[in-house]
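Every chain is numbered from 1 and lettered A, B, ... according to where its sequence line falls, protein lines coming before strand lines. All figures in this text were calculated on a predicted structure; none of them were measured in a lab.
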Amino acid sequence: MTTTPAPAKRITDIGPPHYEKFLHPLIKKNYGQWKYHESVASGVLRHVAESGDEIYSVRAGSPRLLSTATIRLFADLAEKYCGGYLRFTSRNNVEFLLDDRAKIEPLKKELLALGFPVGGTNNAISNIVHTQGWVHCHSSATDASGIVKSVMDALHDRFTHEDLPAKLRIALACCLNMCGAVHCSDIAILGVHRMPPQISKETLPKVCEIPTLIASCPTGAIRSATYDGKPSVEVTEEQCMFCANCYTVCPAMPLNDPENDGISIWVGGKVSNARSAPKFSKLAIPFIPNNPPRWPEVVDAVVNIVNVYAKHARKYQRMGEWIERIGWPRFFELTGIPFTRYHIDDFRYAGTTYARSTHIRF
Amino acid sequence: MTTTPAPAKRITDIGPPHYEKFLHPLIKKNYGQWKYHESVASGVLRHVAESGDEIYSVRAGSPRLLSTATIRLFADLAEKYCGGYLRFTSRNNVEFLLDDRAKIEPLKKELLALGFPVGGTNNAISNIVHTQGWVHCHSSATDASGIVKSVMDALHDRFTHEDLPAKLRIALACCLNMCGAVHCSDIAILGVHRMPPQISKETLPKVCEIPTLIASCPTGAIRSATYDGKPSVEVTEEQCMFCANCYTVCPAMPLNDPENDGISIWVGGKVSNARSAPKFSKLAIPFIPNNPPRWPEVVDAVVNIVNVYAKHARKYQRMGEWIERIGWPRFFELTGIPFTRYHIDDFRYAGTTYARSTHIRF
Amino acid sequence: MADEGVKTTLLDELEKGPWPSFVKEIKKASETSPVCDDLLGQLELSYEEKKGHWKHGGIVGVMGYGGGVIGRYSDVPEKFPNVAHFHTLRVNHPAGWFYTSDALRTLCNIWERHGSGLTNMHGSTGDIIFLGTKTDELEPTFADLTKAGFDLGGSGSVMRTPSCCVGQARCEWACYDTMKLCYELTQTYQDELHRPAFPYKYKFKCAGCPNDCVASIARSDCSIIGTWKDDIQQDDAAVAEYAALGLDIQKDVCDNCPTKCMAWDGKKLTIDNHECVRCMHCINVMPKALRPGKERGATILIGAKAPIIQGALLSSVLIPFVPADELLETLKELTGRIWEFWSEYGKNRERVGELIQRVGMANFLDAIGLEPTPEMVAAPRDNPYIFFQKEDGKPKDGDGQ
Amino acid sequence: MADEGVKTTLLDELEKGPWPSFVKEIKKASETSPVCDDLLGQLELSYEEKKGHWKHGGIVGVMGYGGGVIGRYSDVPEKFPNVAHFHTLRVNHPAGWFYTSDALRTLCNIWERHGSGLTNMHGSTGDIIFLGTKTDELEPTFADLTKAGFDLGGSGSVMRTPSCCVGQARCEWACYDTMKLCYELTQTYQDELHRPAFPYKYKFKCAGCPNDCVASIARSDCSIIGTWKDDIQQDDAAVAEYAALGLDIQKDVCDNCPTKCMAWDGKKLTIDNHECVRCMHCINVMPKALRPGKERGATILIGAKAPIIQGALLSSVLIPFVPADELLETLKELTGRIWEFWSEYGKNRERVGELIQRVGMANFLDAIGLEPTPEMVAAPRDNPYIFFQKEDGKPKDGDGQ
Ligand code: SRM
Ligand code: SRM
Ligand code: SRM
Ligand code: SRM
Ligand code: SF4
Ligand code: SF4
Ligand code: SF4
Ligand code: SF4
Ligand code: SF4
Ligand code: SF4
Ligand code: SF4
Ligand code: SF4
């Protein structure tokens, strides 16, 4: 790593490069003129333009956390097979854009040889949208990349095969901030704390604004107090639900704890408007302890849910649509997941989640 | 009216008479052994028991507010046609219980001659569940019986004919306390205030407990104040949504006002679990001024909604089920009712009522 | 006799039209009760002024009871002295609202003797409403009523008069004996009905099946709604008969089934009872062919109420299924525990449904000793704000990092 | 070069298995960047201790910008001095995440020169994440980036980097040009992107159709989702082809239509377009036979966000339809008014969706000058608590009754 001095005339506010510079000529030509698409193989799509032109997309799984070495590898592959044109997807896969059908297989072979599975299209499980975890965030209740790796290893065949009833989107967020936007995923893996903030009494008055801190707590669990004659705060532990909003505004309120941090699993969310309206994910498993390096209990839990879904859902039914068809009691029965007090909502809209009809399956 | 002295030995806590005393012998015999029923004519049901016995019910509309003279009339009719056995329904109609099919027509004729329509069964509009209004309640924003009479006059044929797509239940409550339990009705007629409480400053300190009064306001619109040196309250008018909860706990906070009281119309609620789960009624028309004696605007509004529903709903679709099928925008379009800011929820669960999908009909 | 002089120009408009007229009823009553003239007069005034003329409240009642009477005073007593007091009595109706002609006449006799002769048959909660009398008539009316075997219903912060659908008396779908349960609940809780000891009102309503003809899920703190556990009883011959008579079984029945668990191949109707949610639709359409199963009982639900003040609530599932013959005992036990918790923790004027929303269903279940089951919720929580309990976490001390 | 001495016993387990390994990536990077060894070391420690080792925050950045850099410091700098600072830069990606090999190599060059050589392609908001560098490398990295035509993305209380689906570049369903709109919004709001002036973050995401491949309805304060107004374009021959190839059009298509507005008689598919809610399902299943209509544009929705702190929100409909060619102008005008209101009335750390819930949608509409329409709500209110406005009532004074 070397250091360059800042230039005299700073360039700012230029925004990103214009995307047109990066478009495959065939894409530029047929921009807005695509007619239909079809699946060529798992991970390979064929888009046909009104003009008759065709573009092939080969999608490969990526760990998202990429070294420049690997990015250079992708660049080399793109150059070799498709004139240097590639893109990444909204779920962090990489897509090579080919105008020559004959090059698909060689590219796939090379990708596979390099350890990058091809797939993720149609009714496969695509990449897991995820976050920083212990690699870069202070806020995390769990790691991100390690769990994603472990789960995707177990679901690898579901990435390379398109045989689920519908798309199945998994996301992971390492804390309640939910940067992984797990709240609308078929399966969501969410890091949770279970200990109230442990007040760093010495540093708190120095680094935090107490009124802001007190106001940050949604349950009013934080009250002002004095410690060693200096203004500080106290937490009423029974009122804490471990959201860490206090920690976000005040570094002296950490919540992480090796034994009490862990993972919760949520199911049945979706984003698309296809068939049913977008839905939030709902709680399936409140807590699984962190068990690095491979989180076997989390992997088993996810695989179990995927398998039960694969077996029971009807074609075109997303996870949440399937569960709504069979009812939540049956979901818990079929997956063998215990239903607990934690599943019953007690937050803002709790009242709308109680079963207010006699529609019951026995 | 004469006065009798209280007896020496008071009888208390005996509860109501046992219902068995009042059961038709044929009902007592076949109690719990009914097999099926069918419709004989509008307002006439035939229930058949496992034993083969049959009981006929002839249902007549009632104003609910009954003089003893009319009750005696019903008693006489029951004696004449069915051994003195009759009942009232959960919607305040009267039902004569006959074991002799031949007596149905004569009874119907006599009822009609006396001004009591026979009907209300199956897919007819039944009686309007309602409340006290100006006849007996201090809290009312409108009358009850007068509107019911006016609306039922207009819907008379819908009571005597069973030709709607499904049951249609109308209810009326004269204030937000909703004694008419209008909150789950196909069409609800609800009296509303639109003026903040007018504080009776002189009487308030004498008749109301100020802390209770302040606590009663859900929006925190009431603050303590002094008047003539005595403790009193003030209302922040912008924060008032006219619920009258303050008035319920404190008589010195009346809300009624001839010009500002009136009627709102709500639609699409249901109670039964048939097909869809029970539903709340939703706002259709925020305000119609009180226009006694016959509230023509209210009558027109209700009749219009009934007619549009009758024309467009599919068989077996209750009002709310129909609206959910076609969507609320179309409901407003078809009925010609303007959509206003008041239709958009801003109460506790407001967030759950916004349209959080792109499912839109154009 | 109706005073010739009472001006009822506006009210007279409400004697017109085909629906029976309440104005006619008041006028009829005024033939025997002079107070009705003043009622007419005051009502006409309300119609002129678009405003009620009753004063707020006033606590009156009969000895030893805290409920059953609604005190009411005119705010224009100088104009209408006969309705200066105009209290109502709520008289507990017989379960299912069954009467004989004699019973009705007995009630009429009492009410003509002591009151206005005007009634509601019935009030929204189910009571017989004796509409309008003076304070000093309350005790005599009560004495006559009890002598005749009737008692008062509820008002104020008491258990209110329970009510029920007609049930097994005349309905083939009643999955338990609603009238019996209603009667027994009423008798069991006479003390709680007459003597206010609760934070607010508490209503029971008993419906024999999910059609809920007594609106229990919308209007009672505790709703008991009949249902069944086994398969729908099916008579194939009768199904065929309906089809032959022109019923479009696919469209009218199967397509309206909320779980789409019915199949019709033109000859045979097949129900996947495992998926049936007991909505009643198919049974409603073909009462001769389909009937509730034989393993019958009820779902117990909790918490319905009108909107004041946190918004209206429908009852929610508390116990998915209780066999018919265990209902009364289960309810007694459960109600005891609910009332105990509510009486201790409920705020003044807080209905049990609101209390549950405030403390959370899970805490409420703990308090009354029920295990959570997925049938209690439409869906599990979608927010991550879980109050993990101490026994699940492993608390640690220390001054943080 | 990777230090031979770094112990990564636990992390090594994550090199096994078929899915590409992030541990391998870090190890690869450590071949050129020594800081990655310390990253591995600290991460191994986290794996051992089941606990992160990054300190909270720390404000760092490039001159004149308030966003684009996330400051990060190790809490065990004595053990891992090379990651004592380990800030990330968020680099605004090109719309649609399209690159050429050259562009990627340029980015690699810059990042190898100034940072760890580790990236996220991409971050959850869409940025290129340059993962880990020291404070004094920030300005030089930025200089190289801008020289190469790249700029930073957003962080903090700014407009965040907008993102979009691939849209018209490769998708036949895009109802407007998502990449163009995304690019133009980004350029229009450069100042708002780099210099925090808002109560909190504000995200735009542009999806070309209701499939919403960029999760805009769940993850952006302003979601622009393509749709159409006229009839679905239908090619009957192609429908027949799908049927011939074995697609069960009744079951797979019609039965899954949410409004059941499609009919299939075995030969002809009929769509009642008046009832269609543009869910995309039928089009998704038969892309050769059905296509969005020709009158295209987008629905503008507002307010999505993650759960902190009032619970997660999905965006809700603000303008049901804006023609494609009016989108940018409409958005600019609308966004100005939204930001003005939000900046004035939003509390610190209050997203716009939360503000709307707090002040009420109707007031929000007033503030931004939109008329209420029924498309904005799933259903009208069910509670009677209406804030009637003064002009509707006729206020009166006086001391009550
Ligand atoms: C490449 C990508 C857009 C981009 O700009 O990067 C994309 C591309 C396509 N999407 Fe998508 N979608 C992409 C993310 C999404 C997302 C966002 C997400 O997952 O976070 C969604 C919403 C998911 C959700 O609802 O939770 C999404 C929901 C859909 C759907 C609706 C599926 C459903 O039934 O709910 C379709 C239609 C279908 O597949 O039938 C669709 C269809 C398509 C089509 C077929 C569109 C077309 O005609 O080209 C593209 C190929 C899909 C495929 O993978 O088989 N795409 N698609 C994204 C690929 C991500 C990946 O690497 O896996
Ligand atoms: C007599 C009564 C019970 C009582 O104890 O008094 C009663 C009696 C019957 N009801 Fe009911 N229902 C009675 C109030 C109700 C109510 C309560 C209410 O309206 O406040 C409901 C719930 C209404 C709602 O959902 O808002 C009710 C919802 C039903 C339904 C479900 C209708 C639906 O499709 O949603 C059925 C089934 C049907 O009609 O197909 C039903 C069916 C029946 C049957 C056919 C049951 C039977 O086999 O005997 C009875 C004759 C119905 C008829 O009128 O055609 N009954 N029924 C009530 C008559 C009230 C009246 O005078 O009109
Ligand atoms: C008489 C009756 C209306 C009628 O004409 O039928 C009635 C009349 C009154 N109700 Fe009611 N309620 C009556 C059934 C209901 C019902 C319906 C039901 O029970 O099925 C409800 C809705 C269901 C519920 O309980 O939530 C009902 C919800 C209320 C409320 C709101 C309670 C709440 O928690 O939201 C109030 C206000 C209060 O309790 O302070 C109220 C208060 C009142 C008061 C006592 C007025 C007051 O604020 O003190 C009314 C006395 C009127 C009068 O002068 O006679 N009344 N009230 C009904 C009782 C007759 C009976 O005993 O049979
Ligand atoms: C890097 C990234 C995760 C990733 O690995 O991809 C990220 C990382 C952080 N997010 Fe995020 N968020 C990232 C996308 C998101 C998203 C997803 C999205 O934009 O689509 C969300 C959910 C959507 C939303 O905006 O609501 C998200 C919701 C949050 C929140 C909760 C905000 C809320 O209103 O609920 C916070 C907490 C806060 O803002 O105080 C947060 C805060 C943070 C902070 C800055 C931690 C903090 O508390 O200060 C994280 C810095 C981690 C680090 O050290 O690098 N991040 N954050 C994503 C940004 C990369 C990029 O620019 O492309
Ligand atoms: S989800 Fe939480 S822990 Fe993970 S990156 Fe976002 S803020 Fe950090
Ligand atoms: S974690 Fe959340 S609930 Fe607990 S004290 Fe902090 S802000 Fe309050
Ligand atoms: S609804 Fe209101 S005004 Fe009508 S009877 Fe009940 S409390 Fe009185
Ligand atoms: S009417 Fe309701 S909102 Fe208005 S002051 Fe009274 S209690 Fe408050
Ligand atoms: S609720 Fe059911 S059992 Fe009771 S009367 Fe109605 S249909 Fe019959
Ligand atoms: S009762 Fe309802 S859910 Fe059950 S089979 Fe009949 S229609 Fe379907
Ligand atoms: S959102 Fe629609 S237009 Fe955009 S890529 Fe997905 S399917 Fe295509
Ligand atoms: S787009 Fe959706 S709603 Fe419209 S016809 Fe197709 S399946 Fe039905």
Side-chain angles (χ1 to χ4, degrees), chain B residues 3-4 6-7 11 13-17 19 22-23 27 31-32 34-36 47 63-69 71-72 75 78-79 84 87-88 90 115-116 134 138 140 145-146 149 152-153 156 177-179 181 183-184 218 245 251 256 258 271-275 278 290 292-294 316 348, chain C residues 10 13-14 17-20 22 25 28-29 46-47 50-52 54 56 92 94-101 104-105 108 112 117 119-121 124 139-140 143 146 149 151 168-170 172 179 186-187 190 210-212 214-215 217-219 256 258 279-281 287-288 306 309 311-312 314:
Chain B
T3 312
T4 37
I11 311 170
D13 298 276
I14 57 169
Y19 52 89
F22 304 137
L23 298 183
I27 284 185
Y31 198 95
W34 298 101
K35 197 168 170 202
Y36 68 89
H47 283 82
R64 188 180 87 123
L65 199 169
L66 294 178
S67 63
T68 47
I71 298 174
R72 288 181 193 279
E79 211 152 63
R87 71 180 290 268
F88 293 83
S90 62
F116 295 97
W134 296 334
H138 63 278
S140 43
S145 312
K149 164 74 174 141
M152 284 309 288
D153 277 343
H156 181 259
N177 284 338
M178 290 200 188
C179 300
H183 57 299
C184 295
N245 202 39
N256 32 0
V271 164
S272 82
N273 289 276
R275 298 166 308 282
N290 274 325
R294 294 203 62 107
Y316 301 115
R348 201 170 180 200
Chain C
L10 292 171
E13 290 301 311
L14 291 166
W19 191 254
F22 74 101
E25 293 299 320
K28 264 200 211 172
S46 286
Y47 269 60
K50 303 196 244 179
K51 192 170 171 168
W54 298 110
H56 186 303
N92 201 332
W97 301 289
F98 279 91
Y99 297 91
T100 54
S101 301
L104 286 181
R105 288 183 192 125
C108 292
E112 285 164 2
T119 72
N120 290 139
M121 296 297 273
S124 257
E139 195 59 39
T146 48
D151 197 346
Q168 298 189 338
R170 201 201 52 197
E172 67 271 32
M179 299 206 327
T186 312
Q187 294 298 346
Q190 278 295 302
N211 281 330
D212 199 356
V214 68
I217 204 168
R219 294 165 65 170
N256 282 313
C279 83
M280 291 296 294
H281 176 74
K288 283 190 199 171
I309 199 55
L314 290 161

Rounded to the nearest 0.5 Å, what separation is found between the [atom1] atom of [X] and the [atom2] atom of [Y]?
X: C/W19; Y: B/K149; atom1: CH2; atom2: NZ; value: 9.5 Å
X: B/N245; Y: C/I309; atom1: CG; atom2: CD1; value: 4.0 Å
X: B/S272; Y: C/D212; atom1: OG; atom2: CG; value: 8.0 Å
X: C/I217; Y: B/N273; atom1: CD1; atom2: CG; value: 5.0 Å
X: C/M179; Y: B/L23; atom1: CE; atom2: CG; value: 4.5 Å
X: C/M121; Y: B/T68; atom1: CE; atom2: OG1; value: 11.0 Å

Kindly give the heavy-atom pair with the smallest separation between [X] and [Y], and that separation in Å.
X: C/R219; Y: B/H183; answer: CG-CE1, 4.3 Å
X: C/K51; Y: B/N256; answer: CG-ND2, 4.2 Å
X: B/C184; Y: C/A218; answer: SG-CB, 3.7 Å
X: B/G15; Y: C/D151; answer: N-OD2, 3.0 Å
X: C/S124; Y: B/C179; answer: OG-O, 2.8 Å

Discussion item. Go through it in stages, so that I can follow the logic: the residues are B/K35 and C/E172, the test is side-chain contact (heavy atoms from CB on, under 4.5 Å), and I'd like the CA-CA distance, side-chain angles, deciding distance and then a yes or no.
Written reply: CA-CA 5 Å; B/K35 197 168 170 202; C/E172 67 271 32; 5.6 Å; no
Chain C contacts, top residue of [options] (heavy-atom pairs, under 4.5 Å):
options: B/A69, B/S145, B/A78; result: B/S145
options: B/V271, B/D153, B/D13, B/L65; result: B/D13
options: B/H156, B/R275, B/M178; result: B/R275

Worksheet item: By a 4.5 Å heavy-atom criterion (distance strictly below it), what part of B/Y316 contacts chain C: side chain, backbone, both, or neither?
Response: side chain
I want to check something: taking the side chain as every heavy atom from C-beta on, are [X] and [Y] in contact at a cut-off of under 4.5 Å?
X: B/I71; Y: C/T119; value: yes
X: C/F98; Y: B/I27; value: yes
X: C/E112; Y: B/R72; value: yes
X: C/R105; Y: B/E79; value: yes
X: B/P292; Y: C/K50; value: yes
X: B/S90; Y: C/W97; value: yes

Practice prompt. Mind telling me whether B/H138 and C/H56 have parallel, tilted or perpendicular rings, with 30° and 60° as the class edges?
Written response: tilted
Fill in: Which residues share a side-chain hydrogen bond (donor to acceptor under 3.5 Å, both in side chains) with C/K288, sequence neighbours left out
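Partners of C/K288 under the side-chain hydrogen bond (donor to acceptor under 3.5 Å, both in side chains) test: B/E38.
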Worksheet item: Does the B/R87 side chain pair with the main chain of C/G96, one donor and one acceptor, at a distance under 3.5 Å?
Response: yes
Discussion item. I'd like to know if the side chain of B/W34 reaches the main chain of C/A169, judged simply by a donor and an acceptor atom lying under 3.5 Å from each other, with no hydrogens or angles considered.
Written reply: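 Yes, the answer is positive, given that a donor and an acceptor are paired below the 3.5 Å cut-off.
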Discussion item. Quick test of your reading of the model: are B/R64 and C/E25 salt-bridged, counting only N-O distances below 4.0 Å?
Written reply: no
Worksheet item: At a heavy-atom separation under 4.5 Å, does C/T186 approach chain B through its side chain, its backbone, both, or neither?
Response: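 The side chain, not the backbone.
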Worksheet entry | Residue part contacting chain B, namely of C/Q187, when any heavy atom lies under 4.5 Å | side chain
Worksheet item: With ring centroids as reference points, do C/Y99 and B/F88 lie under 6.0 angstrom apart?
Response: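 Centroid distance C/Y99-B/F88: below 6.0 Å, so yes.
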Residue among [options] with most heavy-atom pairs under 4.5 Å to chain B:
options: C/S46, C/G311, C/A29; answer: C/S46
options: C/A95, C/A215, C/G52, C/C108; answer: C/C108
options: C/N256, C/V214, C/N211; answer: C/N256

